[in-house]
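This report refers to the structure that appears directly beneath it.
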Amino acid sequence: MEYSNSELLTVNAARLLRDEDVVFVGVGLPNLACNLAMHTHAPNLVMIYEAGVIGARPSRLPLSIGDPTLVSGATAVCSMYDIFSFYLQRGNVDVGFLGGAQIDRFGNINATVIGDYENPKTRLPGSGGSMEIAGWANRCYIITPHQKRRFPEKVDFITSAGFLNGQGERQTSGARGGGPQAVVTHLCIMTPDETGELTLTALHPGVTVEEVQQNTGWLLKLAPKITVTEQPTSEELRILREELDPDGIYLK
Amino acid sequence: MEYSNSELLTVNAARLLRDEDVVFVGVGLPNLACNLAMHTHAPNLVMIYEAGVIGARPSRLPLSIGDPTLVSGATAVCSMYDIFSFYLQRGNVDVGFLGGAQIDRFGNINATVIGDYENPKTRLPGSGGSMEIAGWANRCYIITPHQKRRFPEKVDFITSAGFLNGQGERQTSGARGGGPQAVVTHLCIMTPDETGELTLTALHPGVTVEEVQQNTGWLLKLAPKITVTEQPTSEELRILREELDPDGIYLK
Amino acid sequence: MSKLCSLKEAIQNNVHDGDLLYAAGFTHLIPFAAAHEIIRQGIKDLTVARATPDLIYDMLTAAGCVKKIIFSYMGNPGVGSLRIMRKAIEEKQVEWEEYSHYGMISRLQAGATGLPFIPMNPTAAPSLEKANPNIKRLVDPYTQKEVIVVPPLLPDVAIVHVQRADIHGNAQIWGIVGEQKEAAFASKRVIVTAEEIVDETVIRSDPNRTVIPSFVVSAVCHVPFAAHPSYTQGYYDRDNPFYLGWDEVSKTDESIKAWLDEWVYGVADRETYWQKLGDETHERLHVKDNFSAPINYGDY
Amino acid sequence: MSKLCSLKEAIQNNVHDGDLLYAAGFTHLIPFAAAHEIIRQGIKDLTVARATPDLIYDMLTAAGCVKKIIFSYMGNPGVGSLRIMRKAIEEKQVEWEEYSHYGMISRLQAGATGLPFIPMNPTAAPSLEKANPNIKRLVDPYTQKEVIVVPPLLPDVAIVHVQRADIHGNAQIWGIVGEQKEAAFASKRVIVTAEEIVDETVIRSDPNRTVIPSFVVSAVCHVPFAAHPSYTQGYYDRDNPFYLGWDEVSKTDESIKAWLDEWVYGVADRETYWQKLGDETHERLHVKDNFSAPINYGDY
């Protein structure tokens with residue numbers, strides 16, 4: 001079956017989730033990935049939104065983080081201070097999804113500024129909650145298209161921490177979370193090695209190592225054994241297309 | 001009209017309240033005093049209870065700080081953390097009522113222990129919220145029977161701060177509240193002078209300076225002009241007896 | 001995933017000798033049923049923490065379950081002294097650690113939010129700070145003034161009584177909400193006892209009312225009247241005569257032992273206890289309905 | 001004591017040139033009507049703080065009301081860039097001060113609770129801390145590890161839109177409660193706009209629902225549909241086409257000016273604005289009822 005890059009990303013993100021995970025989720029692809037996981041192998045997934053919604057059961061596709069459909073039918077709603085402190089900072093969040101304008105060799109993310117902070121070339125939205133998600137969720141996954149400009153060797157600004165400059169620098173920082181566990185792109189999956197450096201560990205069907213390397217801004221480390229991901233199943237695609245995003249808002 | 005000591009205390013406490021005051025109130029006489037003030041000169045008084053109740057309108061006499069009658073019909077209920085932080089610490093409480101086993105020359109209160117802290121002669125309940133009320137309410141009033149053992153020159157343990165050792169020591173402590181503005185007993189009213197020392201400023205009808213002095217554990221300072229309080233009016237007594245405490249639970 | 005089980009099982013699986021226990025509920029929803037089950041199971045050497053030990057910790061102390069008490073106000077609310085705990089402290093039969101209410105609640109707030117401390121402003125009162133080395137000072141880096149700090153309280157187990165919960169543990173409370181949320185989030189394990197177990201759809205019809213989410217809960221037990229002699233807003237009243245009567249019961253070792261024998265060891269569970277209280281008490285504690293104005297969440 | 005007045009009066013009396021303004025509401029209940037009135041009154045040199053500036057501060061910036069922006073996420077939610085503010089920052093037409101969401105909300109929490117700072121745990125991300133000298137570090141006296149601290153945010157005026165309030169200012173919110181409470185308690189003055197002004201008895205029938213008490217409120221205004229194009233849970237939906245359309249409107253100075261002329265300067269108040277939106281929009285934003293399960297407080 002044919003599938004789009006967005007579908008490929010979403011399916012692979014969904015597969016990283018475990019049943020009963022508590023996931024801090026944004027709108028767009030991460031939201032679709034969580035809903036897909038709930039419809040397949042993770043029926044007891046708990047979705048948390050930074051607006052303070054817990055256990056959302058959206059009856060339509062939420063178009064913003066504050067869509068009222070996230071509230072109607074949720075198990076709990078709390079204040080913003082509480083969602084960040086009682087939930088995220090306390091260690092009650094298993095998984096966070098992240099994205100950004102730039103991701104570097106050690107999984108650091110820039111969502112703040114291209115160029116100098118005080119004299120921005122391009123001003124981006126900034127952290128929102130992603131600094132805390134990256135710091136405190138037990139596991140983080142970065143979901144992003146794979147383009148060379150998105151993968152510089154070093155980001156201009158570390159909005160959200162990966163492994164900083166590697167070699168255990170994150171561990172000594174005092175941040176409780178495990179950091180990025182995988183970067184899922186439309187070409188491949190990269191996971192950090194023991195020094196925190198992103199390493200190519202799996203290719204999507206039909207993608208070559210060269211293709212990945214050409215779209216990455218540094219000499220990408222290769223795992224001793226590079227696997228190939230299972231392609232999206234017809235059931236996964238059916239759920240995405242028929243149930244979750246029938247208008248193709250995010251998956252076109 | 002005849003009246004009991006408790007009625008005298010309650011009436012004089014009520015008269016210290018101003019319309020629209022936000023009062024942090026406990027059960028017993030302070031609760032009666034607030035209700036009396038609401039029925040007379042302070043209809044817009046707001047009563048706050050440390051259990052997290054705001055704007056209570058109890059339809060029966062509350063017998064504990066957590067009486068459910070405080071909740072039904074209140075304007076707001078919040079958590080204990082919130083009542084102490086958003087309300088009291090933030091400076092939203094105008095008046096606090098306090099009492100204790102011992103009150104000293106500078107209005108410090110002991111509600112913790114008679115004797116040594118580690119080897120208590122008599123163990124008392126401890127602070128509860130009174131340490132914070134004494135520290136942070138804009139004005140505090142101490143309501144207490146007048147007995148020599150209750151008024152030692154120096155308390156064994158400062159559970160709630162008055163003016164410490166006087167001479168501006170409270171001011172340098174960093175506590176935001178104004179401290180005790182008056183001590184109302186069944187004999188008199190004492191108010192702190194500019195050094196924070198309790199000073200006899202008013203006698204209740206028929207009470208002499210000597211009587212007060214005999215029941216006080218230090219040589220009590222006298223104001224240049226000592227006034228006499230207006231005796232409880234028949235209307236005040238009627239409200240107390242008929243409407244607020246018809247069974248005489250607190251006022252007998 | 002259902003976490004529903006009997007209170008007996010919940011205590012067996014989640015409360016162990018030597019644990020730090022927080023039985024939550026400021027004056028309201030005090031989980032007496034769970035405390036009685038702890039006594040029946042003979043659990044020992046507990047460190048028990050509560051802002052107000054109330055009768056619930058007086059009972060645990062009387063039954064020999066308590067090694068240490070952490071508290072901020074040790075009285076029989078509206079009545080007077082808490083005789084058993086007071087005597088235990090005066091005679092040094094238990095260890096104790098003491099805060100003000102706000103200090104105590106700040107410790108829970110720090111525990112619940114994963115912080116190493118929470119600041120509070122100075123109150124000018126010096127004695128407790130001198131008596132308790134856990135209370136420290138820090139200099140505010142913005143104003144150079146001093147603040148008071150307290151460390152997190154991280155109980156092994158919290159017990160929280162609620163009006164209604166679903167089988168997953170999503171729990172809703174109204175009336176005085178005290179420190180229930182903070183206690184649950186601060187603790188490693190959480191036992192919820194509920195007046196009613198409701199369908200998940202009831203919880204989901206009013207998400208703003210949910211205080212405790214399922215995933216911090218270890219066990220959910222259906223225990224009506226679990227808070228007697230305290231109360232459950234909308235379900236039953238506070239048993240004031242019981243609180244007054246405890247002042248008598250707790251005067252001698254003999255009367256305490258007789259009470260425990262009759263009302264704790266002598267009953268199998270809360271259902272038996274409630275029936276034993278009898279019709280006159282049931283009637284006295286009954287409350288008439290008084291419903292809130294409806295809330296429209298909208299069908300989005 | 002009634003605090004009811006028109007929105008025009010409320011803004012005149014409580015928002016002044018040079019004020020620090022916090023228009024609250026995280027994605028929900030954003031007080032657009034009040035912002036439009038601020039624009040109409042030509043108030044200048046505001047420092048505007050919000051976690052998410054959203055379209056509301058884009059509009060204020062476009063109208064020349066803003067001197068400085070304090071924020072944590074500057075995007076058009078679900079759409080993309082916030083063009084006007086972004087350009088103002090890139091071209092240094094406004095000053096800015098930036099936090100993460102939790103840093104921003106911690107500043108409000110500190111302000112609302114009267115604390116000189118609130119600690120948060122380290123996130124490992126270094127750049128923002130370097131860029132903003134307001135973000136400092138302290139050593140935790142219990143573990144000797146470092147925490148991050150931020151100072152209180154103390155706005156001159158907060159504007160909070162709510163579902164229902166009484167004439168005294170007691171206000172209830174459901175759905176996403178965001179940072180409304182914190183903003184109100186942190187601020188010197190508070191303007192409440194409400195979909196409905198209800199009798200005090202409605203508020204008192206459900207005290208747990210009250211987020212803001214009367215005595216921190218300066219003015220209460222009855223302004224139905226005040227949150228459009230954002231939404232009010234249970235009252236109307238979010239106007240997504242408006243958010244998408246803003247991406248076009250905000251592309252050129254001409255189209256921005258035309259929009260302000262037509263929809264802000266050209267209308268007298270929110271009632272006129274809402275009528276001007278027309279039946280098709282009213283119908284599109286209409287939501288069906290969906291009521292919560294009832295709550296029994298009991299008649300004590």
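Only this structure's heavy atoms are used, side chains among them; waters, hydrogens and symmetry mates stay out. Chain A is the first sequence line, chain B the second, and so forth, proteins listed ahead of strands; every chain is numbered from 1.
Among the candidates B:Ser64, B:Pro68, B:Ala175, the residue making the largest number of heavy-atom pairs closer than 4.5 Å to chain C is B:Pro68. Looking only at heavy-atom pairs under 4.5 Å with chain B, the residue among C:Ser81, C:Gly78, C:Ala125 that has the most is C:Ala125. Ranked by heavy-atom pairs under 4.5 Å with chain C, the first of B:Gly128, B:Ser173, B:Gly28, B:Ala161 is B:Gly128. Interface remark: of the candidates C:Gln109, C:Lys130, C:Lys87, C:Gln109 forms the most heavy-atom pairs closer than 4.5 Å to chain B. In terms of non-hydrogen atom pairs under 4.5 Å with chain C, the most contact-rich of B:Ser85, B:Gly73, B:Gly177 is B:Ser85. Among C:Ala51, C:Gly175, C:Gly75, the residue with the largest count of heavy-atom pairs under 4.5 Å with chain B is C:Gly175. Contacts with chain C were tallied for B:Glu50, B:Arg170, B:Lys121; B:Glu50 has the most, counting heavy-atom pairs under 4.5 Å.
Taking all atoms of both residues into account, the shortest heavy-atom contact from C:Tyr231 to B:Asp67 is OH-C, 3.9 Å. Of all heavy-atom pairs between B:Pro120 and C:Glu90, the closest is CG-CA, 4.2 Å. In this structure, C:Ser106 and B:Tyr81 approach most closely via the heavy-atom pair OG-CE1, 3.8 Å. Contact between C:Thr123 and B:Trp136 at its shortest, heavy atoms only, is CG2-CZ2, 3.7 Å. In terms of heavy-atom proximity, C:Ile176 sits nearest to B:Gly66 at CD1-CA, 3.9 Å. What you find for C:Lys92 and B:Glu118 is that their closest heavy atoms are CE-O, 3.0 Å.
With a 4.5 Å cut-off on non-hydrogen atoms, B:Thr122 touches chain C through its backbone and its side chain both. Only the backbone of B:Ser160 comes within contact range of chain C, with at least one heavy atom under 4.5 Å from a heavy atom of that chain. In this structure, no portion of B:Ile133 lies under 4.5 Å from any heavy atom of chain C. Contacts of B:Leu63 with chain C are made by both backbone and side-chain atoms, with heavy-atom separations under 4.5 Å. Of the atoms belonging to B:Glu169, not a single heavy atom falls under 4.5 Å from chain C. In this structure, the portion of C:Asn240 lying under 4.5 Å from any heavy atom of chain B is its side chain and not its backbone.
At a threshold of 4.5 Å between non-hydrogen side-chain atoms, the residues B:Val71 and C:Trp174 do not count as touching. In this structure, C:Val177 and B:Cys78 have side chains that are not in contact, with every pair of non-hydrogen atoms separated by 4.5 Å or more. Counting heavy atoms from C-beta outward, C:Ser127 and B:Thr159 have side chains that stay 4.5 Å or more apart. In this structure the side chain of B:Ser79 never reaches within 4.5 angstrom of the side chain of C:Glu179, judged on heavy atoms. Using a 4.5 Å heavy-atom threshold, the side chains of B:Met80 and C:Met104 count as separate. By the 4.5 Å heavy-atom criterion applied to side chains, B:Met131 and C:Leu128 are counted as neighbours. Counting heavy atoms from C-beta on, the side chains of C:His101 and B:Ser127 never come closer than 4.5 Å. Side chains of B:Tyr117 and C:Asn132 form no contact here, defined as non-hydrogen atoms less than 4.5 Å apart.
When the heavy atoms of residues 87-95 of chain B are compared with those of chain C, the residues falling under 4.5 Å are B:Gln89, listed by number.
Checked for salt-bridge contact, C:Glu98 and B:Arg123 meet the test: a charged N lies under 4.0 Å from a carboxylate O.
Using the six-membered ring where Trp is involved, B:Phe84 and C:Tyr102 have ring planes that are parallel, under 30° apart on the 30 and 60° scheme.
Side-chain polar atoms of B:Ser72 and C:Gln233 form a donor-acceptor pair below 3.5 angstrom.
Atom NZ of C:Lys251 is surrounded by more than 12 heavy atoms from other residues, nucleotides or ligands within 6.0 Å.
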